[in-house]
Protein chains: 2
Amino acid sequence: MLVSPMANQLDSIFAALSDPTRRAVIARLGQGEAAVKTLAEPHDMALPSFLKHIDTLERAGLVRSRKDGRVRVCTLHPEALAVVETWIDQQKRLWEGRLDRLSALAEQIASDGKDIQ
Amino acid sequence: MLVSPMANQLDSIFAALSDPTRRAVIARLGQGEAAVKTLAEPHDMALPSFLKHIDTLERAGLVRSRKDGRVRVCTLHPEALAVVETWIDQQKRLWEGRLDRLSALAEQIASDGKDIQ
DNA sequence: GCTTTAGTTAGCCGAACGGCTATCTAAATC
DNA sequence: GATTTAGATAGCCGTTCGGCTAACTAAAGC
């Protein structure tokens, strides 16, 4: 069976965002691009460990990077966050649509009640 | 070092949302509460496996449940999704604030250029 | 050109994840 | 009261995750 590519994208984006180190990187990149070394400094962690986080963010499409000499410069790719927003908005529409139908039902019951009384 | 409780909440919420089965449960619960058995049916999976997903959703605060006889009825707790929205909004503010400062800088450079020429 | 620096690659380790079966409890039903 | 049903609990298993060290490459800097 084929899995929708959207599902995989949401999987990897949500998984990437579930780690505080990676969310901190995103917050930092929101203020402008930065080298891997610079990004790594606040995090008490060996560089190879930190690189795995950067790779996870890139694979999820949240971050992109280019090579500038021996320096890898990372930039935020905010469109990936928009994918999450879209999913949440869809859920809210489901939830709110349900509430609308519930209140319509309540009104109908109320007016039925009037008819009966 | 103490970790902010907020970070842990975001950790578990994002982790819970990174699985397609669990996102499907959330979408289903958006249309109204349901028993575990009902929720499990569309997912080709043994019940104990499915129960772990429900537990993950509950621990993240996305779902709540009550016991009705031998039936466990689950409801969506959408406030937890709002926590995610808030985080994304904060990131957007960072990103957009940066863009504002960039364009202000660009304007300043442009007018400096005029003065020089 | 030697040294430092930034990053990469490989591989190890323990914990957590996501599935399973087997078994048990307790409510509902006949 | 015997049987079915909904869920809970325990424990197994392979994979992924998040950390590490060691060793390598290649660009910069002196």
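Per chain, numbering begins at 1; letters A, B, ... match sequence-line order. Because the structure is predicted, anything quoted here is derived from the model rather than measured.
In this structure, A:Asp11 atom CG and D:dT15 atom C1' are separated by 15 Å, rounded to whole Å. Distance B:Leu51 CG to C:dC24 P: 18 Å, rounded to the nearest Å. What separates NZ of A:Lys52 from P of D:dT21 is a distance of 13 Å, to the nearest Å. Per the geometry, CG belonging to A:Leu17 stands 14 Å off P belonging to D:dC17, to the nearest Å. Nucleotide D:dC17 holds its C1' atom 14 Å from the CG atom of A:Asp55, rounded to whole Å. In this structure, CD1 of B:Ile54 is placed 10 Å from P of D:dA8, rounded to the nearest angstrom. When rounded to the nearest whole Å, the span between CZ of A:Arg23 and P of D:dG18 equals 12 Å. Following rounding to the nearest Å, B:His53 (NE2) and C:dC17 (P) show an atom-to-atom distance of 12 Å.
Each of A:Thr21 and B:Leu47 lies near DNA chain D, and the nucleotide nearest B:Leu47 is the one positioned closer to the 5' end. Each of B:Arg59 and B:Phe50 lies near DNA chain C, and the nucleotide nearest B:Arg59 is the one positioned closer to the 5' end. Comparing A:Pro48 and A:Asp68 by the nucleotide of DNA chain D whose heavy atom lies nearest to each, the residue mapping closer to the 5' end is A:Pro48.
Side-chain atoms of A:Lys67 and A:Val73, non-hydrogen and from C-beta on, never get closer than 4.5 Å to each other. At a threshold of 4.5 Å between non-hydrogen side-chain atoms, the residues B:Trp87 and B:Ile13 do not count as touching.
By the 30° and 60° cut-offs, the orientation of the rings of B:His43 relative to B:Phe50 is parallel.
Contact check, B:Ser49 against C:dG18: no side-chain N or O comes under 4.0 Å of OP1 or OP2. Put simply, B:Arg72 has no side-chain N or O that comes within less than 4.0 Å of OP1 or OP2 on D:dA6.
Looking at A:Thr38, its side chain never comes within 3.5 Å of a backbone N or O of A:Ala34 through a donor-acceptor pair. At least one donor-acceptor pair under 3.5 Å links the side chain of A:Asp19 to the backbone N or O of A:Arg22.
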List, one per line, each side-chain donor-acceptor pair under 3.5 Å for residues 54-66 of chain A, sequence neighbours excluded.
unit_1	atom_1	unit_2	atom_2	d
A:Asp55	OD1	A:Arg72	NH2	3.2
A:Thr56	OG1	A:Lys52	O	2.9
A:Glu58	OE1	A:Ser65	OG	3.4
A:Glu58	OE2	A:Ser65	OG	2.8
A:Glu58	OE2	A:Arg72	NH2	2.6
A:Arg64	NH2	A:His77	NE2	3.2
A:Ser65	OG	A:Arg72	NE	3.2
A:Arg66	NH1	A:Glu33	OE1	3.1
A:Arg66	NH2	A:Glu33	OE2	3.1

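For a distance-only test at 3.5 Å, the side chain of A:Arg70 fails to qualify as a donor-acceptor partner of the base of C:dA6.
Within residues 33-46 of chain B, the residues approaching DNA chain D are B:Ala35, B:Val36, B:Lys37, by heavy-atom distance under 4.0 Å.
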Evaluate the criterion side-chain contact (heavy atoms from CB on, under 4.5 Å) for residue pair B:Leu94 and A:Gln31; output intermediate values, then yes/no.
-> CA-CA 6 Å; B:Leu94 279 178; A:Gln31 298 166 359; 3.8 Å; yes
